[in-house]
Every structure is written in structure tokens, then in C-alpha cells.
Amino acid sequence: MTRLSVEMLAADPVEPITSAGHARLGIAVLAGIAVIVLLITVFKLHAFLALTIGSLALGAFAGAPLDKAITSFSTGLGSTVAGVGVLIALGAILGRLLADSGGADQIVDTILAKAGGRAMPWAMVLIASVIGLPLFFEVGIVLLIPVVLMVARRGNYSLMRIGIPALAGLSVMHGLIPPHPGPLVAIDAVKADLGVTLALGVLVAVPTVIIAGPLFSKVAARWVDAPVPARMVPPRASEELERRPGFGATLATVLLPVVLMLSKALVDVVVDDPARMVQRVFDVIGSPLTALLAAVVAGIFTLGRPAGFGKERISGIVEKGLAPIAGILLIVGAGGGFKQTLIDCGVGRMVLDISEDWSIPALLLAWLIAVAIRLATGSATVATVSAAGLVAPLAAGMSTTHTALLVLAIGAGSLFLSHVNDAGFWLVKEYFGLSVGQNLKTWSVMECIISVVAGGLVLLLSLVL
């Protein structure tokens with residue numbers, strides 16, 4: 001059995017790998033990622049199958065026994081789904097309640113009624129950021145596109161001036177702020193504190209979304225002057241409802257899990273005594289599971305009932321919310337399996353050695369790895385879970401704040417340069433009626449700005465925290 005195969009059997013290889021081992025392991029990693037990229041981009045295979053096959057290929061290229069590679073993949077898949085699967089499900093239910101009850105439309109209409117003229121791009125970024133908290137990116141786009149198109153047409157605004165801020169708000173939430181799948185998986189992989197990550201994520205997100213949204217939209221509007229595609233204005237969810245929930249109740253429901261999780265982080269800092277009853281109480285109510293579950297239960301009464309939904313309708317909404325996330329859960333789980341295969345092969349140890357030998361800051365290395373995988377696969381989620389697996393050993397010995405910043409560095413890198421291998425690229429192109437070139441000059445550049453600005457802010461925060 002080769003040295004590498006022995007390391008595959010070890011739960012945590014601690015001895016440095018030789019230069020030859022580094023080379024072979026590096027080739028194995030590149031080959032495994034290349035398999036995933038080819039299967040997704042050339043053969044159009046579902047990301048779940050691509051990640052599964054790529055994980056087994058990685059083990060084979062690394063010279064590990066195939067049965068051990070299968071065990072590593074299965075273990076990683078199971079632990080990842082166990083760690084974040086319920087949270088993703090609860091987030092999906094809350095998002096569906098928000099959309100179907102008309103609560104999202106209520107937030108949109110209330111903010112737009114108080115905005116106008118130069119304030120409109122800022123209103124759009126605020127709407128997208130609030131709505132984007134509990135919604136997956138694709139769902140958020142589908143929900144906000146009618147608003148973007150109607151505002152642009154009725155107010156005679158540039159489509160880019162209104163659309164870019166909305167897209168920036170959604171994208172930043174998707175990449176940096178839990179309970180979105182990518183950040184949750186990264187938090188689980190590097191054992192970061194969710195409350196601290198959430199707080200720092202908001203701190204990074206605010207200036208990032210301002211620069212990539214309202215400010216960049218001025219430039220994007222000069223680069224691309226696209227008309228509003230009338231054929232792409234779909235009906236809004238609340239048009240068929242006789243009534244819908246109030247603005248205050250809807251906003252409180254959306255922000256409830258955020259407030260609970262941030263409260264736990266604040267109490268942990270102030271009290272810092274696990275034996276104290278106050279901290280134990282907030283450890284329970286501020287846990288992601290409790291916080292999201294509380295928001296869903298509250299949403300049934302603050303969103304569903306005011307919209308006139310009975311028990312059967314609410315039950316149907318819950319079922320509709322869960323159905324679309326099956327693929328997401330499988331992709332996230334398979335990404336966790338790939339991560340575990342990387343770790344058990346000794347790749348984490350290799351990354352740790354390289355970062356020490358080359359004196360690359362851990363946060364910059366995490367960002368660069370996430371960028372490379374994002375460019376190759378086109379998936380921000382795949383980039384996040386794979387990069388988290390590669391850099392997880394770097395979190396050992398890090399402070400709580402730096403571990404949270406490691407998660408944010410990965411999330412920032414995972415958003416870099418959306419292009420033709422990203423489903424989001426085509427979604428934006430078709431909804432906005434843009435050419436490929438126009439989409440590259442607007443949406444793709446916006447994603448680069450988000451990634452670079454957020455990554456830079458994370459590095460700056462690491463110097464002062």
C-alpha cells in the first residue's frame with residue numbers, strides 16, 4: 001500500500017507529506033476537479049452525480065482503496081446533510097410562505113411607495129437584501145424580476161439602474177449571509193460560530209452591496225442601454241389574493257431568525273460563562289435550528305393566516321417549499337462528501353503545508369481556491385463546499401472572529417465572475433433580454449466587484465479583529 005493510501009485511512013494525517021506526495025496529491029485534486037468540471041460543463045450531468053463521480057475519481061487518482069473513498073464520501077455527505085439539511089429546509093419553507101402569502105410583495109410595495117427618483121436604486125437594493133435573507137438566489141430573482149421590470153417601465157428608469165442593485169442585494173445575501181446553503185456548509189466545515197459569522201457577514205455585506213449595486217449601476221447603465229422586455233413581465237404572487245399580511249408583521253418575521261442568532265452571539269461575548277442560565281437560554285433560542293423554526297412557526301400566523309390561508313393551504317405551501325430543494329440538498333451533501341474525501345486523502349494537510357511554505361495568508365488562499373473552483377464549475381455552492389473542505393485545516397488555532405472571516409473569504413471567492421457555465425448567468429440574461437456580451441459587461445462584472453470588494457473587506461477586518 002502506498003504512503004498516500006495509508007494517509008487515506010487516517011482520520012487526521014499529522015506528519016508532513018513529502019514533496020513527491022504533494023505533487024501526486026496535487027495532481028489527484030486537479031484531476032478530481034477536472035472530472036467534475038467536464039461532467040457538469042461538457043456532458044451536462046447534474047452536479048450531484050458529477051460531485052459523486054469526481055469524489056471517487058479523486059480517491060482513485062490519489063491511490064486510495066476505493067472502498068475507503070466510498071466510506072469517506074458517504075460520511076461527508078451524511079454529516080453535511082445532518083448539519084445543514086434541516087436549516088435549508090426551514091429556510092425554503094419560510095421563503096415560500098413569504099412569496100405565496102404576498103408578504104414579499106407587501107415589503108416591495110411599501111418601500112417603493114416611499115422612494116422615487118434618485119432614491120429608487122437604493123430602494124431596490126434594500127428590497128433585495130431584505131427579501132434575499134430567507135430566499136434562495138434563484139427564487140429571489142423570480143420574485144423580484146416583475147418588480148424590477150415594472151418599476152423600470154412605469155418610472156422610465158434605465159433597466160440596469162434598477163436591475164443591478166436588486167441583483168447585487170440578492171447575490172451578496174446568497175454568498176455571505178446564512179441561512180443560505182453555501183455559508184451554512186462553510187460554517188459547518190470550518191467549525192465557525194454562526195452568530196459571529198452572521199454579524200461580520202452583515203458588516204461586510206453593507207458596503208459591498210452599495211458599491212456593486214447603486215454605485216456600479218450608474219456605470220452599467222452607460223455601458224448597456226437595454227429596453228425593458230415586455231414579454232418577461234410575469235404575474236405577481238399577490239395579484240390573486242384578496243388580502244395580504246402587513247408590512248410590519250412581514251418584516252418582523254423575516255428578521256426574527258437574524259435577531260435571535262445575533263442575540264446569541266452578543267450574549268456569548270458579554271456573558272462568556274457557559275454555566276450562566278442567561279447564556280444557556282440564548283444558546284437554545286439563538287441556535288440556527290431554533291431561530292429558523294421559530295420564524296417558520298411565526299410565519300404561519302403572521303403571513304399565512306392574514307392572507308386568508310387555511311390549514312390545508314398552509315400545508316400545501318410547506319410541501320411546495322420543500323419540493324424544489326431536493327436537488328439543492330443533494331448537491332450540498334455531495335459537496336460535503338467531496339470535502340471529506342479531500343480531507344481524508346490528506347489534501348487539507350497539503351494545503352496547510354503549502355500555506356506555510358509560501359507564506360500565503362489563509363484568508364487570501366481560501367478566496368483564491370474558491371475563485372478557481374467557481375470559474376471552473378460555475379456554481380457558487382459547489383465552489384463554497386469544495387473550498388471549505390480544502391481549507392478547513394487552516395481554521396485550527398484560529399480565533400472565533402478569524403474563523404468566521406475564513407467562511408466569508410470562501411463565500412466572497414465563490415461569487416467571482418459568473419459566466420456561461422453558471423445557470424444564474426443565463427437566468428439573468430433571459431429575464432433582462434440581454435445579449436451574452438451585455439450580460440458579461442453588467443451581471444458578470446457586478447459579480448467580480450462583489451467578490452473583490454468583499455474579499456478585500458475581509459482581509460482588512462482580519463488586520464483589526
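Both backbone and side-chain heavy atoms feed into the values below; hydrogens, waters and symmetry mates do not.
- Considering only heavy atoms from C-beta on, Met160 comes within 4.5 Å of Phe432 through its side chain.
- Between the side chains of Asp344 and Gln340, at least one donor N or O lies within less than 3.5 Å of an accepting N or O.
- At a threshold of 4.5 Å between non-hydrogen side-chain atoms, the residues Met120 and Ile162 count as touching.
- Distance alone, capped at 3.5 Å, is enough to place a donor-acceptor pair between the Ser444 side chain and the Ser418 backbone.
- At least one donor-acceptor pair under 3.5 Å links the side chain of Ser462 to the backbone N or O of Leu459.
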*Could you please spell out the steps behind the side chain to side chain donor-acceptor pair (under 3.5 Å) verdict for Arg374 and Ser414?*
CA-CA 5 Å; Arg374 160 70 160 180; Ser414 74; over 6 Å; no

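- In the model, Thr442 has no side-chain atom that pairs as donor or acceptor with a side-chain atom of Trp223 under 3.5 Å.
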*Run the side chain to side chain contact (heavy atoms under 4.5 Å, CB included) check on Thr384 and Val407 step by step: do they pass?*
CA-CA 9 Å; Thr384 300; Val407 171; over 6 Å; no

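- Of all non-hydrogen atoms in Ala62 and Leu25, the two that sit nearest each other are CB-CD1, 4.2 Å.
- Between the side chain of Ser74 and the backbone N or O of Thr71 there is no donor-acceptor pair closer than 3.5 Å.
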*Kindly indicate, with the supporting measurements, whether the criterion side chain to side chain contact (heavy atoms under 4.5 Å, CB included) is fulfilled by Glu447 and Leu417.*
CA-CA 5 Å; Glu447 288 284 85; Leu417 189 61; over 6 Å; no

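- In this structure the side chain of Phe338 never reaches within 4.5 angstrom of the side chain of Leu77, judged on heavy atoms.
- Between the NE2 atom in His174 and the CG atom in Leu167 there is a gap of 13.0 Å [rounded to 0.5 Å].
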Would you give me the side-chain donor-acceptor pairs under 3.5 Å for residues 43-61, sequence neighbours excluded?
unit_1 : atom_1 : unit_2 : atom_2 : d
Lys44  : NZ     : Thr41  : O      : 3.0
His46  : ND1    : Phe48  : N      : 3.0
Thr52  : OG1    : Phe48  : O      : 2.8
Ser55  : OG     : Leu51  : O      : 2.7

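- Side-chain N or O atoms of Arg96 include none that pairs as donor or acceptor with a backbone N or O of Leu322 at under 3.5 Å.
- The closest side-chain donor-acceptor pair between Ser287 and Thr290 falls under 3.5 angstrom.
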